[in-house]
A.B. asks: 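Here it is, the structure in full.
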Amino acid sequence: MKKLMITLLGLCLITCALGGCGKKYTCGGCGKSFTGTAYTNGGGKAILCNKCATQYWNPFPISEHKYLGD
């Protein structure tokens, strides 16, 4: 039982550590820092968070405007 608990604890720690990985962006619309999927504006110059990209591209889908990185 003790070995199972140690294994589960180890898996939880690894999952938490890997979940924190990812590039951090600053939104050009609202100025907040975020991780996850970033989107671009019409010129492809500004990086936008999900909320700002949805407002910017409304009514068009934002999935076609993902930021591909440098």
A.B. asks: Side-chain heavy atoms under 4.5 angstrom apart, residues restricted to Ile, Leu, Val, Met, Phe, Trp, Tyr: same cluster for Y39 and Y25?
C.D. replies: no
A.B. asks: Look at the rings of H65 and W57 and say which category their plane angle falls in: under 30° parallel, 30 to 60° tilted, over 60° perpendicular.
C.D. replies: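 Because their plane-to-plane angle is under 30°, the rings of H65 and W57 count as parallel.
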A.B. asks: Return the minimal non-hydrogen interatomic distance between T40 and Y67, and the atom names on each side.
C.D. replies: CG2-CD1, 3.6 Å
A.B. asks: Which atom pairs, one a donor and one an acceptor, fall under 3.5 Å between side chains of residues 44-52 and the rest of the protein, sequence neighbours left out?
C.D. replies:
none

